[in-house]
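One structure is given below, represented as structure tokens, and several questions about it will come after.
Values below: all heavy atoms of this structure, side chains included; hydrogens, waters and symmetry mates excluded.
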Amino acid sequence: MALNSLRDRVRAAVTPAAPTGGTVQELAEDVQSGPSERMHEAARGEAGPVTDHAAAWLARYADEFTKALPSHMDAGAFLAAVRTILPDLVQCTPASLLQALLACARFGLLPDGRHAVITREGSIASFVPMAQGYVELMYRSGRVGSVHVGMIHEADEWSYEPTAPAPADFVHKPAVALPKAQRGPVILAYAFCWMTSGARSQVIVLSREDAEEIRDEYSVAYQRAKEAGRTDSFWHTDFDRMWAKSALRRLHKVVPLSAELVALEKADDAGDAGEVQVIHAPADDVQLLADAVAAHQAAEASQEPSAAPVSARLMRKQPRRTSREGRKQERARSSRDAARRDQPKHLARKGRRKGRR
């Protein structure tokens with residue numbers, strides 16, 4: 001994939017290089033460096049030798065995952081979750097799998113199916129944040145006290161009156177006493193939150209038709225699957241969860257967003273479009289990125305010998321160039337100024353008054 005911007009090239013420079021050919025399963029056999037003990041222990045499981053080889057290959061990047069994870073997340077829990085999903089991802093290209101896992105790690109989300117999922121489309125792995133992942137980052141922002149996301153079934157008792165004052169504007173009483181079959185199909189998804197200030201956000205309500213319109217208009221992954229005659233996109237396999245996630249994302253339009261939440265939405269959209277996601281994830285070291293930018297600019301300058309001397313000349317203060325007559329006038333003006341400074345003050349004032357007459 002071409003790196004078209006300086007930011008892309010810097011990200012590539014600070015991210016460990018990964019083989020781009022073949023799959024994880026094929027390249028895992030070539031591991032020569034010893035894996036870290038933590039990842040090696042995670043690789044000893046019941047999933048078979050293929051997953052063991054893949055885990056051993058990924059162990060070469062265990063330090064990068066540890067650096068990427070925020071301080072509140074345990075690296076062992078993250079690696080254990082990765083170990084669980086590896087059997088379904090061994091046919092992915094190493095580069096796509098690494099960037100998906102690093103993006104997941106930098107956002108501090110577990111790829112456990114609830115907070116985030118690592119999907120495979122062909123040989124490309126993608127990071128997909130789920131509804132619980134969005135909720136986690138909303139709590140992390142410090143502005144949100146509680147988040148409510150729900151699905152209304154046909155037999156549930158509910159009312160929605162947007163013009164009424166909160167919390168009377170929305171009521172949902174699930175018919176939990178009924179068997180699931182008798183509650184009927186889901187008819188609405190909703191989301192709202194209470195802020196730490198005590199205020200309640202607007203309630204977002206989405207019908208099935210609303211969810212289908214969002215899917216058809218915005219989900220590139222769904223369109224690719226549909227065009228290829230496949231039914232393996234998340235909108236195909238887990239419509240209700242994507243429906244609830246869509247309600248939660250619509251909620252972001254009516255509540256204050258942290259920079260991390262904005263970045264998560266961008267990474268989510270990039271993955272759906274089949275683009276690189278890790279460049280949208282929070283940088284683990286801002287100073288490291290700044291240093292990398294400076295180093296990259298210096299490296300580019302060294303490849304263009306004529307650029308540096310010209311820039312250096314332009315940065316130096318250039319002397320004023322004047323004609324011979326101009327230089328004479330300048331010297332005369334300097335002499336008059338010096339003589340005026342040497343005069344007594346009363347004579348200098350008298351000279352100025354005389355000049356005005």
Side-chain angles (χ1 to χ4, degrees), residues 38-39 42 55 58 61-62 64-89 92 96-121 125-151 189-193 204 219 221 233-235 237-252 255 257-272 276-284:
R38 180 169 51 200
M39 194 70 170
L58 281 173
Y61 305 93
E64 297 303 321
F65 293 133
T66 302
K67 292 176 185 176
L69 288 168
S71 58
H72 71 271
M73 177 169 283
D74 178 59
F78 181 84
L79 294 173
V82 171
R83 160 67 187 175
T84 302
I85 63 176
L86 273 178
D88 297 326
L89 302 173
C92 295
S96 70
L97 181 56
L98 280 175
Q99 75 91 22
L101 290 174
L102 281 173
C104 187
R106 287 184 179 179
F107 282 109
L109 298 177
L110 285 176
D112 57 1
R114 293 180 61 252
H115 296 83
V117 176
I118 306 298
T119 64
R120 178 174 71 87
E121 183 177 343
S126 297
F127 156 63
V128 181
M130 303 305 290
Q132 190 60 38
Y134 277 97
V135 171
E136 174 69 23
L137 263 66
M138 290 178 75
Y139 284 139
R140 226 182 277 170
S141 70
R143 301 174 182 177
V144 175
S146 62
V147 182
H148 300 267
V149 184
M151 311 294 283
Y190 66 88
F192 65 88
C193 68
I204 301 298
S219 179
S233 76
F234 262 102
W235 279 105
T237 61
D238 210 340
F239 183 90
D240 285 358
R241 291 178 70 186
M242 296 301 289
W243 187 356
K245 176 181 169 181
S246 297
L248 191 60
R249 287 195 59 165
R250 284 284 177 93
L251 180 62
H252 293 171
V255 298
L257 288 182
S258 65
E260 194 175 22
L261 267 170
V262 173
L264 183 65
E265 288 189 338
K266 291 181 179 179
D268 194 359
D269 292 339
D272 188 68
V276 177
Q277 298 170 281
V278 71
I279 60 173
H280 299 291
D284 53 344

Q. If every non-hydrogen atom of Ile204 is compared with every non-hydrogen atom of Ala247, which pair is closest and at what distance?
A. CG2-O, 3.7 Å
Q: Measure the CH2-OH distance between Trp243 and Tyr190 for me, rounded to the nearest 0.5 Å.
A: 13.0 Å
Q: Please name the pair of heavy atoms, one in Arg143 and one in Leu257, separated by the smallest distance, quoted to 0.1 Å.
A: NH1-O, 3.5 Å
Q: Could you pull out all residues at least two apart from Ala105 that satisfy side chain to side chain contact (heavy atoms under 4.5 Å, CB included)?
A: Ala68, Leu69, Phe78
Q | Separation between CG of Leu110 and CE of Met130, rounded to the nearest 0.5 Å | A | 14.0 Å
Q.
Tell me the closest heavy-atom pair linking Gly108 and His72, and the distance in Å.
A. O-NE2, 4.3 Å
Q: Quick one: do Met138 and Leu251 satisfy side chain to side chain contact (heavy atoms under 4.5 Å, CB included)? Show the steps, please.
A: CA-CA 11 Å; Met138 290 178 75; Leu251 180 62; 4.0 Å; yes
Q. Side chain of Gln277, backbone of Ala100: donor and acceptor closer than 3.5 Å?
A. no
Q: Identify the two heavy atoms, one from Ala125 and one from Gln99, that lie closest to each other, and give their separation to 0.1 Å.
A: O-NE2, 3.9 Å
Q: Identify the two heavy atoms, one from Cys104 and one from Ile118, that lie closest to each other, and give their separation to 0.1 Å.
A: CB-CD1, 4.3 Å
Q. Just wondering, do Asp88 and Arg120 contact through their side chains at under 4.5 Å, heavy atoms?
A. no
**Q.** Val262 side chain reached by Lys266 side chain, heavy atoms, under 4.5 Å
**A.** yes
Q: Would you indicate whether the side-chain heavy atoms of Phe127 and Leu264 approach each other to under 4.5 Å?
A: yes
Q: Measure the acute angle between the ring planes of Tyr134 and His252, then classify it against the limits of 30° and 60° as parallel, tilted or perpendicular.
A: tilted
Q.
Between Gln132 and Asp112, is there a side-chain heavy-atom distance shorter than 4.5 Å?
A. no
Q) At their closest point, which heavy atom of Ala75 faces which heavy atom of Thr66, and how far apart are they? A) CB-OG1, 4.2 Å
**Q.** Min side-chain heavy-atom separation Val82-Leu101 under 4.5 Å
**A.** yes
Q | Set of side chain to side chain contact (heavy atoms under 4.5 Å, CB included) partners for Glu136, sequence neighbours left out | A | Leu109, His115, Arg140
Q) Rounded to the nearest 0.5 Å, what separation is found between the CD atom of Glu265 and the CG atom of Asp268? A) 8.0 Å
Q) Is any side-chain heavy atom of Phe234 closer than 4.5 Å to a side-chain heavy atom of Val117? A) yes
Q | Inter-residue atom distance Arg106.CZ - Glu64.CD, 0.5 Å rounding | A | 8.5 Å
Q. Just wondering, do Phe65 and Leu102 contact through their side chains at under 4.5 Å, heavy atoms?
A. yes
